[in-house]
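No experiment lies behind these values; they were computed from the predicted model shown. Every chain is numbered from 1, with letters handed out A, B, ... down the list of sequences.
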Protein chains: 2
Amino acid sequence: MNIGEIARRAGVSRSTVSYALSGKRPVSEDTRRKIQQVVDELGYRPSASARALANGRTSTIGLVFPPAGNHYTGMQLDFIGSVVEAAAAYDYDVLLSPSGMDSDRSFQRLLGERRVDGAILMEIRLEDDRADHLAELDFPSVAIGRTAHPEGSWWVGLDHTALVQACVHHLADLGHRRVAFVNRPEQLLRAGYESAHRGLDGFTKAAAERGLTVRTYCCGDDAASGQGCVERILHDDPATTALVTLNEAALGGLYRGLAQAGRHVPRDFSVTGVVASRWAETVTPQLTAADVPAAELGRLAVDLLVERLDHPDAPPRHHLLTPPISLRASTGPAGATRSDATP
Amino acid sequence: MNIGEIARRAGVSRSTVSYALSGKRPVSEDTRRKIQQVVDELGYRPSASARALANGRTSTIGLVFPPAGNHYTGMQLDFIGSVVEAAAAYDYDVLLSPSGMDSDRSFQRLLGERRVDGAILMEIRLEDDRADHLAELDFPSVAIGRTAHPEGSWWVGLDHTALVQACVHHLADLGHRRVAFVNRPEQLLRAGYESAHRGLDGFTKAAAERGLTVRTYCCGDDAASGQGCVERILHDDPATTALVTLNEAALGGLYRGLAQAGRHVPRDFSVTGVVASRWAETVTPQLTAADVPAAELGRLAVDLLVERLDHPDAPPRHHLLTPPISLRASTGPAGATRSDATP
DNA sequence: GTCCGCCATCGAACCGGTTCGACGAAGGAG
DNA sequence: CTCCTTCGTCGAACCGGTTCGATGGCGGAC
């Protein structure tokens with residue numbers, strides 16, 4: 001079942017078989033047919049390991065994501081799916097690598113043992129040692145998200161700052177004056193996760209611009225935390241009439257918390273944020289939100305990585321996406337009937 | 001940066017380096033130290049491709065899941081995460097393969113090109129050509145789910161029949177007499193997806209046992225379909241007071257449909273089913289459901305696969321899980337106030 | 001002092017492909 | 001008829017590890 005066996009049965013040399021299959025040198029029509037026939041007969045496929053060893057490319061890309069400790073969110077799922085699909089279109093396989101730190105064993109495997117030709121990094125931090133490490137080695141990679149200093153590197157990302165700003169302006173336009181921000185978990189914020197930081201920046205900036213009274217919260221990635229977070233918000237400032245969130249996984253909990261506090265969405269309270277559309281459509285009322293185009297980001301990341309692999313000297317490229325807010329049903333004008341507004 | 005370089009710098013032969021690092025033959029303490037020092041200095045790591053070629057094992061397992069066309073559900077995400085994590089603990093990498101059919105290009109890559117040592121199959125069908133193909137080749141694999149004839153093969157799975165039966169009995173015990181079943185999409189049922197079939201069987205069987213009046217529905221994997229499905233249910237039989245579902249992704253839509261029809265959960269209408277706990281807890285009221293232990297299934301699948309790889313002649317093993325129903329807040333006694341019950 | 005055995009190390013072959021340089025036959029130009 | 005190309009094919013080297021059999025040096029037993 002190796003190339004020598006094919007060569008013998010076809011009555012030619014191993015190199016001829018190789019050339020016939022790769023087309024890298026001309027082979028006479030007769031021999032080509034003969035070889036192809038033997039190959040088809042035996043169902044021969046060249047060994048990926050041998051090929052990788054010989055030409056130094058594995059035809060595999062690594063997808064590096066954080067360890068499972070914190071739950072995966074729906075966004076991450078969509079990324080993974082679209083990356084795999086896009087990679088398959090370019091004839092690349094995808095190797096999953098759960099990796100937190102730079103010194104990580106799994107990360108070392110990918111790079112040190114040369115298991116992959118390139119890597120896609122998820123869940124980028126503003127100061128990201130994995131990204132720094134890859135840049136240092138000049139290892140082909142594309143980040144999903146951008147670090148504090150993205151110059152000279154390849155990435156695709158969402159303009160979280162602008163997105164959250166748009167959410168705040170949307171609420172301010174509706175007349176909301178007291179707004180809360182529900183961020184990702186505190187440990188992620190402290191670790192420097194890009195979306196958490198830039199989202200928070202955008203929130204603070206836009207709130208200042210519009211002269212809003214705001215509070216910001218961190219919230220665990222699950223329903224119970226979301227519910228608790230709403231309780232904190234309404235306890236800290238019962239006059240709050242709206243919130244903006246980046247936290248997809250807490251969304252259901254946020255809604256539950258509001259319902260239990262007797263706040264009707266959107267009549268008494270508006271909710272918006274940055275969330276993948278399939279999750280925005282799951283809650284009732286459906287969430288008015290900047291839809292995260294996770295699948296598109298995944299596809300673009302693969303496009304960029306393949307370009308970088310094909311042209312090692314190409315100048316860095318990136319894509320910064322700013323999807324519009326999809327108006328659904330979770331936001332409305334402030335100052336409608338609210339029980340505790342008229343004591 | 002290859003083993004020859006290490007050997008030269010340490011003043012020994014390549015084989016000695018190999019033995020020093022693998023420990024497969026004794027090496028004097030002095031040489032071992034010298035070699036280790038050079039290795040550390042240069043940060044040497046043996047090439048995975050070369051090693052795979054030499055000893056015929058890639059230290060990689062393939063995770064085969066259906067193409068992205070149909071959305072991924074939360075369950076699948078949890079599987080992927082836990083499989084990757086469990087595999088890492090055994091020093092295996094995970095290669096993702098989107099694969100529908102047996103003749104699939106991607107599937108051929110995995111097997112034909114020997115990219116992986118073994119495979120884990122997700123989304124098993126009762127008659128599954130991928131599973132048959134693997135069994136025929138005697139290729140080490142573990143299925144998540146079991147085919148119609150699982151004898152002699154390795155698998156982990158959920159007893160969907162028993163789980164759905166438990167749901168039906170729970171509803172019947174509460175006095176519900178007219179119950180609907182919301183299954184996965186019709187195309188998946190027709191394709192023979194195991195969970196859809198066994199779940200339906202369990203539903204039909206238990207309903208007959210308890211003498212219930214039932215209807216069964218297929219429902220797309222998204223919120224809009226769920227909402228539409230509830231409309232169909234209430235149109236077909238307005239006296240329906242409960243439903244059982246396997247369809248995680250439609251859950252939010254089911255709730256919305258009920259709310260829009262003026263049915264309060266759980267006062268007017270009970271909802272239950274088989275759903276991962278994190279999703280059951282997202283909706284309000286939280287779903288009483290048999291919690292799918294996706295992470296545990298993933299881990300067990302890896303355990304079994306590794307065992308099979310280590311002991312090629314071991315007899316087939318499997319794990320059939322039947323998690324209990326978690327009582328939450330979405331079911332209640334039938335026959336409470338219902339507007340259209342008293343015209 | 002000689003012989004035996006063990007331990008540590010080495011050299012060579014092998015895994016299964018790719019690729020380069022060379023070589024022989026056929027065909028065209030002179 | 002010879003010379004020079006061109007085309008198709010072959011053999012050998014190489015990618016970077018692993019593994020087997022062989023070899024050399026040393027110490028202990030007699």
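- Checking C:dC10, D:dG16, C:dG17 against the side-chain heavy atoms of B:Ser13 singles out C:dC10 as nearest.
- Using a 4.0 Å cut-off, no side-chain N or O of B:Lys24 falls inside it from OP1 or OP2 of D:dT18.
- Counting to the nearest Å, the C1' atom of D:dG16 and the CZ atom of A:Arg115 are 14 Å from each other.
- A straight line from CD1 of B:Ile3 to P of D:dC14 spans 18 Å, rounded to a whole angstrom.
- Nucleotide C:dC20 holds its C1' atom 15 Å from the CG atom of A:Asn55, rounded to whole Å.
- Residues B:Gly11 and A:Val17 each lie close to DNA chain C; by heavy-atom proximity, the contact nearer the 5' end of the strand is made by B:Gly11.
- At whole-Å resolution of the value, CD1 in B:Ile6 and P in D:dG17 are 9 Å apart.
- When each of C:dG17, D:dT9, C:dT19 is scored by its nearest atom to the side-chain atoms of A:Asn2, the top-ranked nucleotide is C:dG17.
- Using a 4.0 Å heavy-atom distance criterion, A:Ser47 is classed as a sugar-phosphate-only contact.
- A heavy atom closer than 4.0 Å to some atom of DNA chain D occurs in A:Thr31, these being the qualifying members of residues 29-46 of chain A.
- Scanning atom types as modelled, no donor and acceptor separated by under 3.5 angstrom connect the side chain of B:Tyr19 and the base of C:dC7.
- Set against D:dG16, C:dG16, C:dT9, the side chain of B:Arg14 has D:dG16 as its closest nucleotide.
- The two residues B:Asp128 and B:Glu123 come nearest to each other via the heavy atoms OD2-O, 4.2 Å.
- Of the options B:Leu305, B:Asp78, B:Val302, a side-chain contact (heavy atoms from CB on, under 4.5 Å) to B:Val83 is made by B:Val302 and by none of the others.
- With distances taken from any side-chain atom of A:Thr16 to the nucleotides C:dA13, C:dT18, D:dT9, the minimum falls on D:dT9.
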Distance-only criterion, 3.5 Å: show the donor-acceptor pairs between side-chain atoms of residues 20-32 of chain B and protein atoms not counting sequence neighbours.
from    : atom 1 : to      : atom 2 : distance (Å)
B:Ser22 : OG     : B:Ser18 : O      : 3.1
B:Ser22 : OG     : B:Lys24 : N      : 3.2
B:Ser28 : OG     : B:Thr31 : N      : 3.3
B:Ser28 : OG     : B:Thr31 : OG1    : 2.3
B:Asp30 : OD1    : B:Arg33 : NH2    : 3.2
B:Thr31 : OG1    : B:Ser28 : O      : 3.3
B:Arg32 : NH1    : B:Ala20 : O      : 3.1

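- The shortest non-hydrogen separation linking A:Ile61 to A:Tyr92 is CG2-CD2, 3.7 Å.
- Shown here is A:Arg9, whose CZ atom has no more than 12 heavy atoms of other residues, nucleotides or ligands within 6.0 Å.
- Between the side chains of A:Asp303 and A:Tyr90, at least one donor N or O lies within less than 3.5 Å of an accepting N or O.
- B:Arg114 places its CZ atom 10 Å from the C1' atom of C:dG17, with the value rounded to the nearest Å.
- Backbone-only engagement by B:Ser28 is indicated by non-hydrogen atom pairs under 4.0 Å involving sugar-phosphate atoms exclusively.
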Residues 135-152 of chain B side chain polar contacts: donor-acceptor under 3.5 Å, at least two apart:
from     : atom 1 : to       : atom 2 : distance (Å)
B:Thr147 : OG1    : B:His149 : N      : 3.4
B:Thr147 : OG1    : B:His149 : O      : 3.4

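- Side-chain atoms of B:Ser15 and base atoms of C:dG11 include a donor and an acceptor less than 3.5 Å apart.
- The interatomic distance linking A:Arg57 (CZ) with D:dC14 (C1') rounds to 19 Å, in whole Å.
- At whole-Å resolution of the value, CG in B:Leu53 and P in C:dT18 are 12 Å apart.
- Side-chain N/O atoms of B:Arg51 and base N/O atoms of D:dG16 include no donor-acceptor pair closer than 3.5 Å.
- Side-chain atoms of B:Val12 lie closest to C:dC10 of the nucleotides C:dC10, D:dC10, C:dT18.
- A donor-acceptor contact under 3.5 Å links the side chain of B:Arg25 to the base of C:dT9.
- A heavy-atom distance below 4.5 Å is found between the side chains of B:Asp310 and B:Val306.
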